[in-house]
2 protein chains.
Amino acid sequence: MAASIIDVARRADVSTATVSRALRGLPNVSEATRERVLRAAEELQYSISPHASSLASGRTGTVGVVLPFVNRWFYSQVVAGIDSVLRANDHDLLLYNLGDERVHERFFARMPLRRRVDALIVLNLPLSAAECEALVSMEVPVAVLGTRIPGCWHVSIDNAEGASTAVRHLINLGHRRIGMITGALGDPRGFTTPIVRQHAYRTVLAQAGIPYDPDLEAPGYFGIEEGASAMAQLLSLPDPPTAVFAESDQMAFGALRTLNRMGLKAPDDVSVIGFDNHETAELLDLTTIAQPVAHQGELLARQILDALSGASEEPTRVVVPTRLVVRGTTGAARVARPQHRHPSPRPGPEPDQHDRTTAR
Amino acid sequence: MAASIIDVARRADVSTATVSRALRGLPNVSEATRERVLRAAEELQYSISPHASSLASGRTGTVGVVLPFVNRWFYSQVVAGIDSVLRANDHDLLLYNLGDERVHERFFARMPLRRRVDALIVLNLPLSAAECEALVSMEVPVAVLGTRIPGCWHVSIDNAEGASTAVRHLINLGHRRIGMITGALGDPRGFTTPIVRQHAYRTVLAQAGIPYDPDLEAPGYFGIEEGASAMAQLLSLPDPPTAVFAESDQMAFGALRTLNRMGLKAPDDVSVIGFDNHETAELLDLTTIAQPVAHQGELLARQILDALSGASEEPTRVVVPTRLVVRGTTGAARVARPQHRHPSPRPGPEPDQHDRTTAR
DNA sequence: TCTTTTCATGTAAACGATTGCATTACCTCC
DNA sequence: GGAGGTAATGCAATCGTTTACATGAAAAGA
């Protein structure tokens, strides 16, 4: 049977109140007493009962993390970032994986985290208005990545900027026929990231005077396989793109595989740029837009800790920069192919510096 | 203020005891009453206080997962597997990332999970004898992956079998000079996986009559970068290997990168085989030993649930099979190079079937 | 009709901490 | 030497459940 605070109190010959204060390092405990308590606790191998403690104090010392996939690189990276900060501040991390649609529904029907966590971190979850409200109604600080929820702390990258940089990079290389592999779902429900990126893609093309062609947008749903299919779809066009912007590295990987299987090469046949700087991107020599992934997790955790400590009263929003990383899958557009009537001018020298270029 | 069980009791005009029973679906509650309680709870948006509940019942409904890295593919897969099973059985998952050595020490010094979880799942952690004992002394069921701890439930693959299959595959391709990129740490502390694989490598070579050469074993510490260095080291040997077995795909990726940067190709110059069947392995066309990763997580969770429900009294051990997946990075050994005195015989036809071969 | 069972419900004591308030002892200062 | 202040400690209520036990009513058996 594990020792309780009463046992410690008896052994140190003080009241349980004093034990509680001594153990938590509160003031108003004499040095002698504190030491006696500490020793007693040590000898009895006492460890506090977190449940009793939270029941009495109302604090749980736990932060819930709700996300759609633990097993994808991006999320596991963010979780690692959150964990490191939380852990350093003596908080626990309760993981909620909402991948399955049924789990998702159940979560919002039963609100199992209510009263169980001091705060919530929500990662890239498509949420209905009612669901957002349900979260807010838990009356704990909520920090959000990707999704926009009013009244919540917020961390994000500048998606418009990142996507624009990617597309501009391709244009600078002389490409005019530029496809995009999008991640957009049917119902975004507040998960605006893919929409923002897609919008940036269209805007930049328009600014460059390139006409809009809906056929050049293929859905890849943020998956490798789907990215591969999307690329196949783009290549089957009568006038296929010479460059493709995939809004996630995973989809770009799929795209590269498709090229590979069709005997084509990047960047000789098609330039490919991704988004994320996934750990595998370097291996595959993929040009991409890097975002600080684990760092965003750390920021979320810090926001939460500040909110909890009262240091941050009002929800804040922090935007972290992205960075263009030029590698081997993007290159100058080839001179016009036979079916073009007017050969396009030889592209000028690539204005982006090579490797690790910081955009903006 | 959230409603408590007392509010529900008042509204349904019963005692809190009855509310508790009705809500948990216990017998001995009349249908009429149960319905009344359910409605009252619904109307008040009541949700139970897990802390009060665990304090009173002694159960926490939470399983702790302790691991060295959340942000590596392997672990995030396992966690996803654990999560799915736990979630389906209404258990929560408390994540403990022990990557940092200091966090590790603190964990065992303070045992923060004591009294906080009903059970523990430990993934591939190098643990000292004292640490193992500390875990066992928590007096909750413990399920372990990779590490061996007496008195604990256990899931694993047959590492000896898997590694042997990998090395045999290379031998069957006619290779005689076979290197290994090992993951072994200085102090394994019970994390025997790399040792077992290394031992299998040596044994199979010996069985094939190939003399042991310590220079052919280079440490890669399960990392990409380190795998890359290990490969560089092997290639710098006076008589470099014609094939390399990396005991993890990540290290194999690093190895491939090194080859690539040196202008060499797999399998033309060096054959490479990995271990894990990492999601990226297919992309890089890496031959590897596949293990069911998420599935092992599910098994661990199921063992724990069985232990908790009393269905499994004694710790059990389940071994899941591995499978050789032949892809493009392994090929027949080239005929002997100039410096060899006697040309080795032309290798016979590859006995392993191509792609998706199941090894035992 | 009078036990004996069975079933539904209530009573109240845990569970193991935290914390507002009261108390005591000891200083300090006039 | 008494008033007032401060620091250390104790008392006891409280947090929101669960659950052993008691109770009473209805059903079953004799």
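Chain letters run A, B, ... following the sequence lines, proteins first, then strands; residues in each count from 1.
- With a 6.0 Å cutoff to the six-membered ring centre and a 45° limit on the axis angle, Arg72(B) counts as a cation-pi contact of Phe69(B).
- Comparing dG16(C), dA8(C), dA12(C) by their nearest atom to the side chain of Thr16(B) picks out dA12(C).
- The side chain of Asn28(B) has dA8(C) as its nearest neighbour among dG16(D), dA8(C), dT19(C).
- Spacing between atom CG of Leu55(B) and atom P of dG16(C) amounts to 7 Å, rounded to whole angstrom units.
- Comparing dT18(D), dT9(D), dT9(C) by their closest approach to the side chain of Ser57(B) singles out dT18(D).
- Arg24(B) has a side-chain polar atom (N or O) that falls below the 4.0 Å cut-off from OP1 or OP2 of dT19(D).
- Counting only distance, with no hydrogens or angles, the side chain of Glu298(B) and the backbone of Ser84(B) share no donor-acceptor pair below 3.5 Å.
- For the pair Val70(B) and Ser76(B), the tightest heavy-atom approach, listed with the atom from each and the gap, is O-CB, 3.6 Å.
- Taking only distance into account, the side chain of Arg115(B) never meets the base of dG16(C) through a donor-acceptor pair shorter than 3.5 Å.
- Taking only side-chain atoms of Ala52(A), from C-beta outward, the nucleotide of dG16(C), dG16(D), dT11(C) with the closest atom is dG16(C).
- Comparing dG10(C), dA17(C), dA12(D) by their nearest atom to the side chain of Val14(B) picks out dG10(C).
- Close to dA17(C), at under 4.0 Å from its OP1 or OP2, lies no side-chain N or O of Ser49(A).
- The side chain of Arg59(B) has dT18(D) as its nearest neighbour among dT18(D), dG16(C), dG10(D).
- Between the C1' atom of dT18(C) and the NE2 atom of His51(B) lies a distance of 14 Å, rounded to the nearest Å.
- Separating the CZ atom in Arg116(B) from the CG atom in Leu94(B) is a distance of 5.0 Å, to the nearest 0.5 Å.
- Between Ser20(B) and the phosphate of dT17(D), there is no side-chain N or O to OP1/OP2 separation shorter than 4.0 Å.
- A donor-acceptor distance shorter than 3.5 angstrom exists from the side chain of Ser54(B) to the backbone of Pro50(B), with no hydrogens or angles considered.
- For Asp118(B) (side chain) and Thr60(B) (main-chain N/O), a donor-acceptor pair under 3.5 Å exists by modelled atom type.
- Computed from coordinates, the Ile5(A) CD1 to dG16(C) P distance equals 11 Å when rounded to whole Å.
- Following rounding to the nearest Å, Arg10(A) (CZ) and dC11(D) (P) show an atom-to-atom distance of 13 Å.
- Across all strands shown, Ile48(A) has heavy atoms under 4.0 Å from sugar-phosphate atoms exclusively, and none from any base.
- Using a 4.0 Å cut-off, no side-chain N or O of Ser15(A) falls inside it from OP1 or OP2 of dC11(D).
- Under the side-chain contact (heavy atoms from CB on, under 4.5 Å) rule, Val63(A) has a single partner from Val117(A), Ile121(A), Asp92(A), which is Ile121(A).
- Here dT17(D) presents its P atom at 14 Å from CZ of Arg116(A), a figure rounded to the nearest Å.
- For the pair Ile6(B) CD1 and dG10(C) P, the computed distance is 14 Å after rounding to whole Å.
- Considering only the side chain of Arg21(A), dT19(C) comes nearest among dA17(C), dT19(C), dT18(D).
- Near-neighbour residues of DNA chain C inside residues 30-37 of chain A, defined by a heavy atom below 4.0 Å, are absent.
- When rounded to the nearest whole Å, the span between CG of Asp13(B) and P of dA8(C) equals 18 Å.
- Relative to the ring axis of Tyr96(B), Arg87(A) places its NZ or CZ within 45° and under 6.0 Å from the centre.
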